[in-house]
Amino acid sequence: MTSMARARVARRIAAGAAYGGGGLGLAGAAAVGLLLAEMHLARRRVGIGTPPRVPNAEGLYGGTEPTAGQPPLRLVMLGDSTAAGQGVHRAGQTPGALLASGLAAVAERPVALRSVAVPGARSDDLDRQVSLVLADPARAPDICVIMVGANDVTHRMPATRSVRCLATAVRRLRTAGAEVVVGTCPDLGTIEPVRQPLRWLARRVSRQLAAAQTIGVVEQGGRTVSLGDLLGPEFAANPRELFGPDNYHPSAEGYATAAMAVLPTVCAALGLWPAEEERPDVSRREGFLPVARAAAEAASEAGTEVAAAMPAGPRGPWALLKRRRRRRVTEAEPAPSAQPS
């Protein structure tokens, strides 16, 4: 599917989500039967070897003392198994721990990590997760990272409903004063046990959803980072390194690769990225685009960020597309005296 065609589909899905439509699914009716049959076979081949529980990574990273009288930054992870870190054995290998450690290094300030992400969650669970996050005003987050969408595809949730649930979650968090970064739906066509023609179909529908997610998130004041292509060429080229034991969830190296792509956007959302990096770099094909076109391009390229840029024009809202340089992250360890925040 071309970028322009993906942009048109994404616009239709996002419009349906905004105005209450629910009939736009992730695949045509003729493809659904094939998808179900192939997915049934694929599911029998994945899920073996995953640790039965997700490591608890909650705690304080980057030291135990506030810097210059400032309290720790509060980072919250929401979403599904990717946000929770299913597939690894140590807390320091989870994306939340990696992001907290990296953010603490950039900010030169401790970061308190909390996670409400649940393996198997779909976008309609975000309402519950956000309510948990906002239940205690004293623990209001500075920034939230959401990773969600894969289970929406595999459970055939209508794309309009998926995007509506995500956009509502972003709006609630932004209204509460938190910055929001969303890692969009990964490319399910890279899962090793999935065979053709499901592989092609899974890639198409996950990228369609990622583009539509981007439109919904940006319109609510959040930022997105594409995980689709990130989990494409790199994972496809190194499946033994970047996938975990179940050949479905990322390995420790896979999560580090994803965290490395998301960290610059997390830092930029908090005003911690160098000012010169905020200007579009034409040599990296960055610039201002209609949000649907930016969303379509981002869905196909690793680590591409999309953020709101300016008021709506004749072709709708505009966005800034950035291809940020990734900052290296390694396995994280919480401060020795850290307590769950």
Side-chain angles (χ1 to χ4, degrees), residues 1-18 21-43 45-46 79-82 120-126 146-167 182-217 224-233 235-236 247-249 292-302 304 306:
M1 177 178 287
T2 67
S3 177
M4 293 302 294
R6 187 177 295 117
R8 288 194 296 271
V9 172
R11 275 198 302 267
R12 290 201 304 270
I13 294 171
L24 288 174
L26 287 170
V32 170
L34 175 61
L35 179 63
L36 286 173
E38 291 288 334
M39 185 61 74
H40 177 71
L41 294 175
R43 281 176 177 168
R45 303 181 62 199
V46 301
D80 57 22
S81 57
T82 304
R122 293 172 289 187
S123 293
D124 54 5
D125 189 54
L126 290 175
I146 303 173
M147 296 180 178
V148 75
N151 295 312
D152 298 13
V153 174
T154 59
H155 289 78
R156 295 191 301 134
M157 176 183 287
T160 47
R161 183 183 176 198
S162 176
V163 173
R164 187 184 309 124
C165 291
L166 176 59
V182 175
T184 55
C185 182
D187 183 352
L188 298 180
T190 63
I191 298 171
E192 199 174 36
V194 175
R195 298 176 177 177
Q196 296 290 11
L198 176 60
R199 184 183 294 270
W200 173 85
L201 182 60
R203 170 163 293 153
R204 177 181 176 184
V205 297
S206 40
R207 289 187 178 184
Q208 285 178 358
L209 179 57
Q213 286 177 318
T214 294
I215 297 175
V217 169
T224 64
V225 179
S226 169
L227 298 183
D229 200 49
L230 176 71
L231 306 184
F235 273 54
N247 291 326
Y248 187 86
H249 294 95
R293 182 178 165 193
E297 291 198 16
S300 299
E301 185 161 346
T304 306
V306 180

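In this structure, CD in Gln208 is found 11.0 Å from SG in Cys185, a value given to the nearest 0.5 Å. Remark: Ser206 OG to Asp152 CG distance equals 11.5 Å, nearest 0.5 Å. With values rounded to the nearest 0.5 angstrom, Leu166 atom CG is found 9.0 Å from Thr214 atom OG1.
Residues Asp80 and Ala150 come closest through the heavy atom pair OD2-N, 4.1 Å. Pairing each heavy atom of Ala299 with each of Arg207, the nearest pair is CB-O, 3.7 Å. Ala121 and Asn151 make their closest contact through O-ND2, 2.9 Å (heavy atoms, listed as atom of the first residue, atom of the second, distance). Closest of all the heavy-atom pairs between Ala294 and Val306 is O-CG2, 3.9 Å.
Between the side chain of Gln213 and the backbone N or O of Val148 there is at least one donor-acceptor pair closer than 3.5 Å. Between the Thr184 side chain and the Ala210 main chain, no donor and acceptor come within less than 3.5 Å of each other.
In this structure, Asp124 and Arg161 have side chains that are in contact, with non-hydrogen atoms separated by less than 4.5 Å. Looking only at side-chain heavy atoms (C-beta outward), Val163 and Leu209 come within less than 4.5 Å of each other.
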